[in-house]
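Before any comments, here is the structure.
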Number of protein chains: 4
Amino acid sequence: MQESPNPQRRSERSHRATLKAALDLCAEQGYAQVTVEGIAARAGVSKKTIYRWWPSKGAVMLEAIDEAALQPTGFSDTGDLAADLHQQMSGTLSLLTDAGIRSAILGVLAEGLQDSQLAGQVHGSLFKPRIDSFKERMRKAQQQGELAAEADVDVALDLLYGPIWHRLVAHLPLPDGPYLSKIIDAALAAVNRRA
Amino acid sequence: MQESPNPQRRSERSHRATLKAALDLCAEQGYAQVTVEGIAARAGVSKKTIYRWWPSKGAVMLEAIDEAALQPTGFSDTGDLAADLHQQMSGTLSLLTDAGIRSAILGVLAEGLQDSQLAGQVHGSLFKPRIDSFKERMRKAQQQGELAAEADVDVALDLLYGPIWHRLVAHLPLPDGPYLSKIIDAALAAVNRRA
Amino acid sequence: MQESPNPQRRSERSHRATLKAALDLCAEQGYAQVTVEGIAARAGVSKKTIYRWWPSKGAVMLEAIDEAALQPTGFSDTGDLAADLHQQMSGTLSLLTDAGIRSAILGVLAEGLQDSQLAGQVHGSLFKPRIDSFKERMRKAQQQGELAAEADVDVALDLLYGPIWHRLVAHLPLPDGPYLSKIIDAALAAVNRRA
Amino acid sequence: MQESPNPQRRSERSHRATLKAALDLCAEQGYAQVTVEGIAARAGVSKKTIYRWWPSKGAVMLEAIDEAALQPTGFSDTGDLAADLHQQMSGTLSLLTDAGIRSAILGVLAEGLQDSQLAGQVHGSLFKPRIDSFKERMRKAQQQGELAAEADVDVALDLLYGPIWHRLVAHLPLPDGPYLSKIIDAALAAVNRRA
DNA sequence: GGGTAACCGAGACGGTACGTCGGGTCTTCGG
DNA sequence: CCGAAGACCCGACGTACCGTCTCGGTTACCC
């Protein structure tokens, strides 16, 4: 992140071990129970080294999530917009089902709500890339006539992703596949309608 | 909350002072910086007394929010569904603009993501009442023909409230009034369309 | 020492346990290896509690020494000045032979050389009482004619106690009993001579 | 000191800069506040280089003191023993009045009380040379009849130097010139007297 | 006079302890 | 018996130095 010291001399071993320890502990104990001290001990790394490269536990976790979230943020383009959306959103939801990643994501999300410094990083790492590729896919759909040219992409974004986060913060069950389809259909219909 | 001791002998003065101190400190320093010790000191109350009546800082805050959230959770029924939704959702959003309440709400929301005990209370206090009266209003609209009888109320809930929370957790700007109208129109169109 | 908090509510158990742990650890590991954390752990006491009542490890040790240095600082008055001096100085020297106390005393002495705050306490606790009773005994000796009325008590103090500290800081062997007698005879002769 | 590497290739610049930085920092901040890191930074030298040539901060300081203590350890022989003693002891005392050297000397003395490895070096560098030349001067005095042949040189050493160290560790004011004369007269009288 | 072995600066590393903070429990005393 | 006050144990914080180590770079010796 803010890499004040010389990043060329950084120990790759410590770097990896820290991220791994962070995620592992998160899976085992839950985000809130994880401490920088614990990560350091588990990784066989000194606290100083962690604080040298990251400003806080949240920043470590964010990088760990990024590294672990293997599936791409990008959309595929099969020509079927609804299917592509479903695939991508399922991918996002699946991050919230694996215990370790889920705990880490909820943790950084929660911490991001309280710490504006971390908030920016959360936005940049977790949301921006997905939003960008979402918008790109939508624009492509408009060019290909799959989507009305006058459709409001921002509204579509809100209508599609909103339900996931709504249910997360309200502690309602997360959408399953079929429900996701209903949402996608409804949202596309809404932005496709003539005003 | 879990009121183990005899609530009849509870000091109303301490009770009020605690809730007030909690919100005040939240406004001044932000939720994360508020501590039980700080609340106790500010309220002129002992820590023991706080722990006697609430299990955690989050529970205090939740009660303080409840008490301070003056506008009703219920919907008015002017006969214009879109207008009623707009009014109610604006009310919810306005809670997120006042510094003190916003900080408190974000705080308990964030903490709720990490603490399943608090999560239940958050759901019960913050979300359930609003969802219930939302559904009630929707059903009334269906009876009055303002809304298609086959409209899926759950989907409507997700489409309408989702954008707010999506933008909150993604650290995007919250919707303003006109944008809210677009969302409401889109969501109602979506659930009203013939399947 | 600086007892900022209310000393009436102090836990006697923690107090005693801390002093005991300090001395024990000193005996086992040597003063330099003893840490506040170690004392706290050994005593079953929190670091906070130690820092509440003492400003530093040195202050804890000083009090521990005081409590443990059972033999009185006062001189006996058998009527034989040289014998009384010998007895008292042997007592002082014996503090420097028991491993635990020796280590603690050397430690606070060393630390006192570096920390003027502690220096004052070292002087007040370790030296002042012994110097005072030395001078008192000398004055009594003068009244009883055992010592020349014009003998310089300060010089006597320096000549008598100096050798001990000289040998300590110069890392020479400490005086044994017979050598002590030589010193005492020489010093008394010196201050008793007509100028 | 333990010069494991090839001393011929040693950088004289680094050597000098380190010793100078050590003493300067000592004067500015006091021995206890000086760190190897601080010395390295001030000297523009790497920590590794310091640890290559000295085992510890104390060893650096000891060498720095040795280099800076310009006045000779040797006694002059004017034929007046008391005067020669006074001159030499004043010289020793003057080391304890210059802020930088005083702080360094107190520091190594203090550290020497705790660290037997350093203790040996302290004895060898600071005390042994002075004691040796003291004894030599005393023996010369005996040959020249200035001092009784049967005078005990060890006792004399203790009586003369003792007061300085006694006052140092007891945090009493150090002797001034006139008082020094009293001590010298008393000590010489004591060892000169017929037993 | 080119190769190489050493010292050098810089500074990252695993550690240990620091002194502080807040959590949640417990004790004392007054009303 | 509740409440204010606050001491207590505990565990984590973020920092400071320790002494070790790995880097390039730059001598200075040896072939």
Side-chain angles (χ1 to χ4, degrees), chain A residues 4-11 13-15 17 33-41 43-53 55-57, chain B residues 5-11 13-15 17-18 33-41 43-57, chain C residues 4-11 13-15 33-41 43-53 55-57, chain D residues 5-11 13-15 17 33-41 43-57:
Chain A
S4 359
N6 182 347
Q8 302 196 339
R9 309 198 43 185
R10 182 169 193 177
S11 156
R13 193 226 134 244
S14 300
H15 187 169
Q33 277 62 55
V34 177
T35 66
V36 173
E37 245 171 38
I39 296 173
V45 142
S46 85
K47 282 165 70 179
K48 175 102 190 206
T49 296
I50 294 184
Y51 285 113
R52 183 155 28 224
W53 301 108
S56 65
K57 175 177 85 165
Chain B
N6 181 347
Q8 304 198 336
R9 306 199 49 175
R10 181 170 192 178
S11 156
R13 192 224 135 248
S14 300
H15 187 173
T18 301
Q33 278 61 53
V34 177
T35 65
V36 173
E37 288 205 347
I39 296 173
V45 143
S46 96
K47 280 166 71 180
K48 176 102 190 199
T49 298
I50 294 183
Y51 284 110
R52 184 153 27 224
W53 302 107
W54 294 277
S56 66
K57 173 175 87 164
Chain C
S4 358
N6 182 346
Q8 302 196 338
R9 309 198 42 186
R10 182 167 194 177
S11 156
R13 192 226 133 244
S14 300
H15 188 170
Q33 277 62 53
V34 177
T35 65
V36 174
E37 251 175 31
I39 296 173
V45 144
S46 86
K47 283 165 69 179
K48 176 110 186 201
T49 297
I50 294 184
Y51 284 112
R52 181 150 37 220
W53 301 108
S56 65
K57 174 176 87 165
Chain D
N6 181 347
Q8 302 196 339
R9 306 199 47 177
R10 181 170 194 178
S11 155
R13 193 225 135 244
S14 299
H15 188 171
Q33 278 61 55
V34 177
T35 66
V36 173
E37 287 204 347
I39 296 173
V45 142
S46 97
K47 282 165 68 181
K48 175 108 191 196
T49 298
I50 294 183
Y51 284 112
R52 183 153 30 222
W53 301 107
W54 293 278
S56 66
K57 173 175 88 164

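Residue numbers start from 1 in every chain, and the chains themselves are labelled A, B, ... in the order their sequence lines are given, proteins ahead of strands.
- Nearest-nucleotide positions on DNA chain E for D:A40 and A:A43 put D:A40 closer to the 5' end.
- Here CZ of A:R52 is found 6.5 Å from OG of A:S46. Values are rounded to the nearest 0.5 Å.
- Remark: P of F:dG6 and CD1 of B:I50 are 15 Å apart, rounded to the nearest angstrom.
- Mapping B:G38 and C:T35 onto DNA chain E via the closest heavy atom, the residue that lands nearer the 5' end is C:T35.
- Contact annotation: C:W53 side-chain N/O to F:dA7 OP1/OP2 distance is not under 4.0 Å.
- Counting any heavy atom pair closer than 4.0 Å across all strands shown, B:G44 reaches sugar-phosphate atoms only and no base atom.
- Side chain of A:V45, nearest nucleotide from E:dC8, E:dA12, E:dG14: E:dG14.
- Between E:dG14 and A:S14, a contact under 4.0 Å exists linking OP1 or OP2 to a side-chain N or O.
- A cation-pi arrangement, defined by a distance under 6.0 Å to the six-membered ring centre and an angle within 45 degrees of its axis, is present between B:R10 and B:W54.
- Rounded to whole angstrom, the span from the CD1 atom of B:I39 across to the P atom of F:dA5 amounts to 16 Å.
- Per the geometry, NE2 belonging to A:H15 stands 13 Å off P belonging to E:dG14, to the nearest Å.
- Taking all atoms of both residues into account, the shortest heavy-atom contact from D:A43 to D:A17 is CB-O, 3.5 Å.
- Side chain of A:T49, nearest nucleotide from E:dG14, E:dC7, F:dA4: E:dG14.
- When each of A:V34 and D:Q33 is assigned the nucleotide of DNA chain F with its nearest heavy atom, A:V34 is the one assigned upstream, toward the 5' end.
- In this structure, CG of C:N6 is placed 10 Å from P of F:dC8, rounded to the nearest angstrom.
- Residue A:R13 places at least one side-chain N or O closer than 4.0 Å to OP1 or OP2 of E:dG14.
- The CD atom of A:Q8 sits 13 Å away from the C1' atom of E:dA10 (whole-angstrom rounding).
- Of all non-hydrogen atoms in D:N6 and D:W53, the two that sit nearest each other are O-CH2, 3.6 Å.
- Separating the CZ atom of D:R10 from the C1' atom of F:dT27 is a distance of 17 Å, rounded to the nearest angstrom.
- Within the 4.0 angstrom heavy-atom criterion, base atoms lie near A:K47.
- If you check every strand for non-hydrogen atoms under 4.0 Å, B:S11 touches sugar and phosphate atoms only.
- In this structure B:E37 satisfies the side-chain hydrogen bond (donor to acceptor under 3.5 Å, both in side chains) test together with B:K47, sequence neighbours excluded.
- Distance alone, capped at 3.5 Å, is enough to place a donor-acceptor pair between the B:T18 side chain and the B:S14 backbone.
- In this structure, of E:dG19, E:dC7, F:dC17, it is E:dG19 that holds the atom nearest to the side chain of C:E37.
- Distance CZ (D:R52) to C1' (E:dG9): 10 Å, rounded to an integer number of Å.
- Here F:dA5 is the nucleotide among F:dA7, E:dC13, F:dA5 with the atom lying nearest to any side-chain atom of B:S46.
- Among the nucleotides E:dT27, F:dG14, F:dG3, the one closest to any side-chain atom of C:R9 is E:dT27.
- Taking only side-chain atoms of C:K48, from C-beta outward, the nucleotide of F:dC10, E:dA17, F:dA28 with the closest atom is F:dC10.
- Residue A:V36 has its side chain nearest to F:dG14 when only F:dG14, F:dC18, E:dG24 are considered.
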